[in-house]
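A short worksheet on the structure shown next.
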Amino acid sequence: MPYEAFKDNEYIENLVQELQASGTNVLVGSLDKLINWGRSNSLWPLTFATSCCGIEFVSLGAARFDMARFGWEVARSSPRQADFMMVAGTIVGRMVPVFRRLYDQLAEPKYVIACGGCAISGGPFKRSYHVAKGIEDIVPVDVFVPGCPPCPEAMIYGIMQLSRKVKVERFFGGVNRQEKEQDFVKEHPVAAEAEKIING
Amino acid sequence: METTFDFSTITQWFNNLLLGWGLQPWLVTTIECVLVGVGLLLLYALLALFYIYFERKVCAAFQCRLGPNRVGPLGLLQSFADMFKILIKELIHLKNIDRFLFALAPYLVIIASMMAFSVLPWGPGLQIVDFNIGIFFLIAVSSIGVLGILLAGWSSNNKFTLIGAMRSGAQMISYELSIGLSVITMVAFAGTMNVEEIVLAQDNLWFIFSGHVPAIIAFIIYIIAGTAETNRGPFDLPEAESELTAGYHTEYSGIHFGFFYLAEYLNLFIVAGVASLLFFGGWMPLHIPGFDGFNHIMNYIPGVVWFIGKAVVISFVIIWFKWTFPRLRIDQLLTLEWKYLLPINLFNLALMVMIVVCGWYVHW
Amino acid sequence: MATIKEDIAARFPKATFDEADVLLINIPDDQLHELARSLRDDFGYDFLITIVGVDRKDSLGAIYFLSSTTQHTEISFQVTTTDREHPAFESIADLWSIATIYEREIFDFYGIIFLNNPDMRRLFLNIDWKGYPLRKDYDMESNNILSTESERQSDFTNVYTRGADGKIEVAEKAVFKPNDFVVNIGPQHPATHGVLRFRTAVDGEMITKIDVYMGYIHRGIEKLCESLGYPQTLHYTDRMDYFSAHNYHHGLCLCIERAAGIEVPRRAQVIRVIMDELSRIASHCLFFGTYCMDLGATTMLFYTLRVREQILDIMTKTCGARMTFNYDCIGGVMADVDPDFVKDVKALLATLPANLKEYNKLFVGNVIAEGRLENMGNMSREHAIQWGVTGPSGRASGWSCDVRKTHPYAVYNEVQFDEIVMQEGDSMARFKARILEIEQSARIIEQLIDNIPEGEVLAKVPKVLKLPVGHWFQLVEGCRGLFGVYIESDGGTSPVRMKFVTPSLNLAAVVDSITTGNKIADLITIAGSLDYIVPDMDR
C-alpha cells in the first residue's frame, strides 16, 4: 500500500521521526529493513477469544473479509508459535492469571491488540466486581481497536496499524524490546507481580 | 528417449574439470558433496516455501477466498516473509524438560525428510544418490522421522505433546506397513529396487497403466497411507488442532517449530514424489505406445518439469483431502489400517505376483 | 391451578401461597425436600427450570421454578432464612442432577449452603474469593481481581451435612481418584469454544471423569442489572449469548412489558419474530461451521458463514450493527425495518434450500462424519430432563421442549411450524435437528414476511420506567434452548433481582455424564454438538 494513502496515524509518524533522528548504519539499516519486512508481513495470531469479539474474529477469516490476503490466517493454537494476541473479549478476574501466562508464553517479538470495549476499559461491564478495567494494566498493549464488537474492517485496520508499527521497529541498535518491557513492569504493579512469579 | 537431455553429462564434465585441475580425488569428492549439499538445502527450503504458499492458495480456493495476495506479486513472497520471521523468532527455553532431546527432535525430523529427498529421481541423471536399493533406503530413512516426533512429544514435558506423540507413533508405524506393502507390490512388478531402473522401465507405459488393477489398488492404498504418514488431514491426529492445540510441537517456537513446519510440507512432496516415481514414471514423459509423434513432442518437456509437475498434481489431491474431510478418531484410524488396508494390500501383493508370473500385464 | 393449590395445602399445612403469574409456594426449610419430591412425583413437575437466589436485605432465599414436561405449566416454591451468617437449605440434588450446579451458583453468589449437595464448591469465582457478590451488602472493591498469581487449585470438594446436634459439618471429598491421569483442557483451548475449562481424567484415550470449571468470563451481569434502570439492562442480554441476541432481548422485553402492562404494537411483534428466526438461522449456520471445524473439516465453516454474512447484512441494514443489535426495546422495536428488508429476506429464503442441501452433501452423508457422530454421546429423554438440556439438543433426545410451542409468545401461535423432535439422542441427531430447525425457521419467516402489518413499531413508554411491586417470570426460546427471565421489583426504577436462566449452563453441566467412557477425541464431538456459548453460561 502506498505510503501517501495510509499516513493517518500520528503516533507512528512520530515514532518514525524519533527513530530516524539518531541516524542509521547502512548495513545494519538494510538488515533491519529485511527483518522488519518479514516480521510485519507475517503476523500470526494466537487463537484467543473470550466473547463476542471472537466471533467477529472468525468472520475476519471467512471469505468476505479474508485476512489470509495479508498472511494473517495462520492462527496458531500454541502461544509459542504466535506473534500477536488479539484480545477479543472481556478479561475477568479468574482469567487474569491465565491471560498473563499466555502473554508470557508468547515468543518474542510479541504484540498485543486490545480489541473491543471490554479489553480496552472493561466496556459495559466496567462496574462489575469481576471484570478487569482494561488489559493495559496486565500486559503492554500495542494497538487499541474500539467497538463493541469492532466490525471486521476495524479489526483489519487495527492489525494493519500493528504491521506498520512493526515495520519501523529496530532490531539492531534501537531501544531493545526487553528494556521497554522492563519499563512497563516498573509502571505496572500487576505485571511486576507476574514477573516475580515467573522468576520464582 | 534420445532427445531427453541427460543431466549426468554436466556432472561428469564438472567432475573431469576438477580432476583436470590436478585436485586430489578425495578433495574433488568433498567439493562435490558440499556443492550438492548446499544445492539440496536450497532446493529443500525453496520447495517447502513453495508448498506452503501452494497449500494456502489451494485451501483459499476451496473456501471461496483469495488467499495471500499482498506480499509480493500474487502474494508469492508471503512464505519468504514467514521464513524471515521464524528465523529470528525467540527460541523459548523451558524449565523441566530434557533439553538435549528437545533440541535434537526437530533436527531428526528434518534430516529424515532430507535424506529421503536425496533418492528422488529429478530427471535423467539428476539424482543425488543412485544405488541398487534406492526404494528400500527411502522407506528406511523416512521412518526416522517418527523418532523425532516421539522425542519431541516426550521431551516437552507436556501432556498434550505426549498424547500427540503417542498417537503419531501408533499411526506412523501402522501406516508404514501399508506404504511398505504397496511399494513392494510395485517393486515386484518392476523387478528392481533401483530408482533409475524403475523409471526407465516405465519408458513405454507408466506402471499405473501397465500394471492395471493391482497397480491402481496399490496406488489408492499408497495415497491413503501416504496422507496418514505425513500427518495430514483427515489423518492429522498427532497435531489435531481442536484436540491437542498443536500436537507434538506445541512447545516449540522459532526455527525449531519452523523445522517441523517445513518437514511437514516436504514430506508431502516426498510422498507425492514417490507416488509419481512408482506409478507415474518419475521424470519419464507421458508416452503412448504407437503415437510416436506425440511421444516425441512430450520428450521436449524436460524431465524435471515432468517430475515436479506430477508431484504437485498428486500433492494437490492430498491437499484436497485435507480441506474436504473431517478428522478420523484414533481407533477408527487404526481400524482402517489393520482391518482393511493391510489385508487388501496383502491380497493385492499376491495378485500382482500372479500377474507378473503369468505375464498378464500390459506388454509393450 | 386451584386443585393443585388445595392438594398441596392439604399435604403441607405450613405452606403459604402467593399468586403471581407463576404460583409461588412458601415453604419452611425442613419441608423443602419433601415438597420438591412430591411436586416431581405426584404432580408431574419433573423439570427444574432454575433456582433463583434472592437477597431481601433482612432475609436470604431461594426460589425454585419447576415445569411439567407433559402439561407445560409452571410452579414455583420459595424458602427463606434470616440467618445471614450460616444460611443453609436442604439440597435437592438427589432429585434433579442439574440442581448440583444451580445450588453451587447460589452458594457462590449468596453463600447459602446446601446440605447433602455432593459438590459444594464455588462455581464462577475463585476458591479464595472473599464475600458473596450478589448479596446487597457486598463491597464491590473487596477483591483484587488483577492478581496474576495462579488461582489456588483444590482437588477436593466439600459436602455439608447437618449433624445430630443440628450443627453443620463439613466433609472433604476428592474430585478425582488417586491414580487418575488428569489432562487440563482449557481455559485457552481451541475446542472449548471460548474460555471454559475441562479437567479431564483419562485412562489412555478414555475419559473417566470431567470436572467442568466455569467463570473465566463471569462478568456479573445480574449484579450490574440491579443498579441500572430497566431500559439500561436490555443491552446485557445481547452479550450473553451473542447469537441469540434478538431472542434474549425479546424475552427480557416481554417480561418488563408484562410487568409494566405495556401493549406492543402488532407490527413490532411480527418484526421481532422475524428477527428471532433470522438469528436462529444465523446461529445454527455458525454452529455447523465451528462444529465441523472442530472435527477437522475446516472448509464447511466458510460455506456456512456465507449464509450468516447474508443475514448479518439484513440485520446491519435495519439494526445498524453486526452483532450486538440492541434492536428490541421496551414497547416494541427501536426503529422500523429497512425499506429493503422484505426483498433481502426473500432473497435469503430463496438461496437457503440450496445451501442446506450443500451442507448435507458435504458433511452429513460423509462416511467419516457418520463414524464420528453416530451413537456418540447418547442422551435419553429422562437424562435430558434431569440435566435440563433444552433447545435443539434436548429435542434431539425426544423431549418436546420448544417454548414457541409450549408457551407461545408474540405471534408464534399464529404461524404454522413443526417442532423438530428426534429420538436418537446422539451427536448426529443434535446436528440434524439444527438443520431441520433452519427449515422450520424459514417456514415461519415465509409466512410472516408478506404479512407485516402497517402501523407503529413502538408503544408509548414512560420516560422513567417503574415496575409495580412483585415478581415476574418469562420464558422464550433462544437459539440454544430455553431462556428465562426472573424480575423482582420493589416498585423502583431498577430491579431488586434480575435473574437470567440460560441454556448453556445446563449444556456444559451435562458434558461430564455423557462423555464418560468415550475417547478424548469424542469430548470435542460431544461437547461441540451441544453447542454451548461460554459467556452465556457464565453471565
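Naming convention: chains lettered A, B, ... in sequence-line order (proteins, then strands); numbering from 1 in each chain.
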Taking heavy atoms only and a threshold strictly under 4.5 Å, list by residue number the residues of residues 60-68 of chain A that touch chain C; give 'none' if the list is empty.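 Interface residues of residues 60-68 of chain A: A:Gly61, A:Ala62, A:Ala63, A:Arg64, A:Phe65.
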What residues of residues 112-125 of chain A sit under 4.5 Å from chain C when you count only heavy atoms? A:Pro124, A:Phe125
Distance only, no hydrogens: is a donor on one side chain within 3.5 Å (strictly under) of an acceptor on the other, for [X] and [Y]?
X	Y	result
C:Ser283	C:Arg480	yes
A:Tyr157	A:Gln161	yes
C:Ser244	C:Asn247	no
C:Asp536	C:Ser504	yes
C:Arg322	C:Thr316	no

Aromatic centroids of C:Phe483 and C:His249 separated by under 6.0 Å: no
Quick one: does any side-chain atom of C:Ser227 pair with a main-chain N or O of C:Leu224 as donor and acceptor, under 3.5 Å?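 Answer holds: yes.
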Ignoring hydrogens and geometry, is there a side-chain-to-backbone donor-acceptor pair from A:Lys126 to A:Gly134 under 3.5 Å?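 Absent.
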Quick one: pull up OG1 in A:Thr47 and CE in A:Met85 and give me the separation to the nearest 0.5 Å. 10.0 Å
Go through C:Met498 and C:Phe500 one step at a time and tell me if the side chain to side chain contact (heavy atoms under 4.5 Å, CB included) criterion holds. CA-CA 7 Å; C:Met498 193 178 261; C:Phe500 299 113; 3.6 Å; yes
Side chain from CB out, backbone as N, CA, C, O: work out which of these in [X] comes under 4.5 Å of a heavy atom of chain A, or both, or neither.
X	result
C:Tyr216	both
C:Met214	backbone
C:Ile217	both
C:Phe124	backbone
C:Leu301	side chain
C:Arg308	side chain
C:Leu228	side chain

Count the heavy-atom pairs under 4.5 Å between each of A:Ala49, A:Cys148, A:Cys151 and chain C, then report the option with the highest count. A:Cys148
Between A:Leu102, A:Leu46, A:Ile138, A:Asp137, which shows the greatest number of heavy-atom pairs under 4.5 Å with chain C? A:Leu102
Interface moiety of A:Ala132 toward chain C, non-hydrogen atoms closer than 4.5 Å: both
Measuring heavy-atom distances to chain C, does A:Val98 have an atom under 4.5 Å in its side chain, in its backbone, in both, or in neither?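 Only the side chain of A:Val98 comes within 4.5 Å of chain C.
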At a heavy-atom distance under 4.5 Å, which candidate from C:Phe243, C:Tyr138, C:Tyr303 has the highest pair count against chain A? C:Phe243
Based on non-hydrogen pairs under 4.5 Å, which of C:Ile221, C:Asp313, C:Ile533 is most in contact with chain A?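 When all of C:Ile221, C:Asp313, C:Ile533 are compared, C:Asp313 has the most.
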Between C:Arg434 and C:Phe287, is NZ or CZ placed under 6.0 angstrom from the six-membered ring centre and within 45° of the ring axis? yes
Quick one: sort the [X] and [Y] rings into parallel, tilted or perpendicular, breaks at 30° and 60°.
X	Y	value
C:Phe107	C:Tyr132	tilted
A:His130	C:Trp129	perpendicular
C:His246	C:Phe325	parallel

With a cut-off of 6.0 Å (strictly less than), are more than 12 heavy atoms of other residues, nucleotides or ligands near CZ of A:Arg101? no
What are the two closest heavy atoms between C:Met240 and C:Tyr248, and how far apart are they? CE-CD2, 4.0 Å
